[in-house]
Amino acid sequence: VRIVSQNPAFSSETAAKLSEPFPGPQVQLTVWETEPLPAHCVMACNSFDEGWVPTDWNRRAFVASGVQAPVRVMQHPFDPNDYPLPKDYDEDQDVKYTFYWIGAWQERKNALGMIRAYWHAFPSADAPVRLVLKTFGVARLGIVADIAATRRACGLGDSDGAEIVL
């Protein structure tokens, strides 16, 4: 099985690169935020043997838009063993409560607004929480600089604010 994690808007380009013979199924792991999908996205999705999306809403939107390839719901990959997640938040716990954000690093996703809210709620570096960011689309140094500028805009020093893992 070949699994391709790609935005459906770029899938036709990816599918062209994958046109060489492959001995097994080719699966597209993707997500889309609106409906219906544009026609070129539907065509690209149909070039795969199967599609995996993170929510049932995505599956319904893909099928209603004309995707003929089977579409299955597969949640975003996240291994809770990498980041312990207690069932109930308790300030006296030794384990940090982990918040998880995934998205493209772009203004429309408002990651910096979310980070401002996080640091407003947890301004202490000793807070028993952490925020894990999974993103793409911008060089890591640019993201690190954006986070540092947001820390300063929140009135926090370099060592203030709850932990963020990029």
Side-chain angles (χ1 to χ4, degrees), residues 1-85 87 97-122 129-150 153 162-166:
V1 175
R2 177 185 284 163
I3 301 172
V4 179
S5 179
Q6 185 81 31
N7 181 308
F10 303 106
S11 294
S12 56
E13 177 183 311
T14 301
K17 290 179 183 176
L18 300 174
S19 61
E20 71 273 3
F22 184 75
Q26 297 188 85
V27 177
Q28 178 187 40
L29 175 64
T30 191
V31 64
W32 195 254
E33 298 173 348
T34 61
E35 59 181 334
L37 271 73
H40 71 281
C41 292
V42 171
M43 186 174 10
C45 290
N46 283 328
S47 69
F48 287 87
D49 296 303
E50 188 171 300
W52 294 351
V53 296
T55 68
D56 195 51
W57 180 89
N58 275 148
R59 187 191 58 73
R60 289 191 307 270
F62 276 58
V63 171
S65 297
V67 174
Q68 299 296 313
V71 180
R72 302 184 195 288
V73 175
M74 303 288 277
Q75 294 181 354
H76 285 297
F78 177 75
D79 186 349
N81 295 319
D82 289 342
Y83 306 97
L85 300 173
K87 292 187 187 299
Y97 186 88
T98 302
F99 297 92
Y100 180 65
W101 180 88
I102 183 171
W105 197 263
Q106 56 186 245
E107 189 173 342
R108 183 174 60 85
K109 299 290 187 176
N110 199 18
L112 296 178
M114 182 266 310
I115 290 171
R116 283 190 299 275
Y118 172 74
W119 276 333
H120 178 76
F122 305 107
V129 298
R130 83 182 88 186
L131 172 61
V132 176
L133 305 175
K134 182 175 172 114
T135 189
F136 60 93
V138 174
R140 182 179 176 84
L141 289 178
I143 295 170
V144 170
D146 285 349
I147 293 171
T150 300
E163 178 183 13
I164 291 181
V165 178
L166 180 60

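In what follows, every heavy atom counts, from backbone to side chain, and hydrogens, waters and symmetry copies are set aside. Bear in mind that the values here come from a model prediction, so they are computed numbers and not experimental data.
For N46 (side chain) and Q68 (main-chain N/O), a donor-acceptor pair under 3.5 Å exists by modelled atom type. One N or O on the side chain of T30 and one on the backbone of Q6 form a donor-acceptor pair closer than 3.5 Å. Of the possible donor and acceptor atoms, one in the side chain of T135 sits under 3.5 Å from a partner among the backbone N and O of W105.
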**Request:** Decide yes or no on side chain to side chain contact (heavy atoms under 4.5 Å, CB included) for M114 and L112, but give the supporting numbers first.
**Result:** CA-CA 5 Å; M114 182 266 310; L112 296 178; over 6 Å; no

**Request:** Take W101 and V132 through the side chain to side chain contact (heavy atoms under 4.5 Å, CB included) test and state the conclusion after the steps.
**Result:** CA-CA 6 Å; W101 180 88; V132 176; over 6 Å; no

**Request:** Give the intermediate values and the outcome of side chain to side chain contact (heavy atoms under 4.5 Å, CB included) for residues V4 and F48.
**Result:** CA-CA 9 Å; V4 179; F48 287 87; 3.9 Å; yes

**Request:** For side chain to side chain contact (heavy atoms under 4.5 Å, CB included), just list the numbers for I3 and L29, CA-CA rounded to whole Å, side-chain angles, deciding distance to a tenth of an Å, and then say yes or no.
**Result:** CA-CA 7 Å; I3 301 172; L29 175 64; 4.1 Å; yes

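In terms of the side-chain contact (heavy atoms from CB on, under 4.5 Å) criterion, residue partners of T55 (sequence neighbours excluded) are, by chain and number, W57, N58. For R116, there are no salt bridge (charged side-chain N to carboxylate O under 4.0 Å, His left out) partners, not counting sequence neighbours. Annotation: salt bridge (charged side-chain N to carboxylate O under 4.0 Å, His left out) contacts of E50 (sequence neighbours excluded): R72. Under the rule for a side-chain hydrogen bond (donor to acceptor under 3.5 Å, both in side chains), N110 has no partner lying at least two apart in sequence or in another chain. For M43, the side-chain contact (heavy atoms from CB on, under 4.5 Å) criterion is met by no residue, not counting sequence neighbours.
Remark: the W32 side chain and the T34 side chain contain an N/O donor-acceptor pair separated by less than 3.5 Å.
Residue E163 holds its CD atom at 12.5 Å from CZ of F99, rounded to the nearest 0.5 Å. Note that CG of L166 and CD1 of I147 are 5.0 Å apart. Values are rounded to the nearest 0.5 Å. Interatomic distance, I143 CD1 to I164 CD1, rounded to the nearest 0.5 Å: 12.0 Å.
Nearest heavy-atom pair across A69 and C45 is CB-O, 4.1 Å.
Among residue pairs with one or both ends in residues 138-147, none qualify as salt bridge (Lys or Arg N to Asp or Glu O under 4.0 Å); sequence neighbours excluded.
Exactly one residue among Q28, R59, M74 makes a side chain to side chain contact (heavy atoms under 4.5 Å, CB included) with W52. That residue is M74. Screening Y118, W119, Y100 for a side chain to side chain contact (heavy atoms under 4.5 Å, CB included) with L131, the sole residue that qualifies is Y118.
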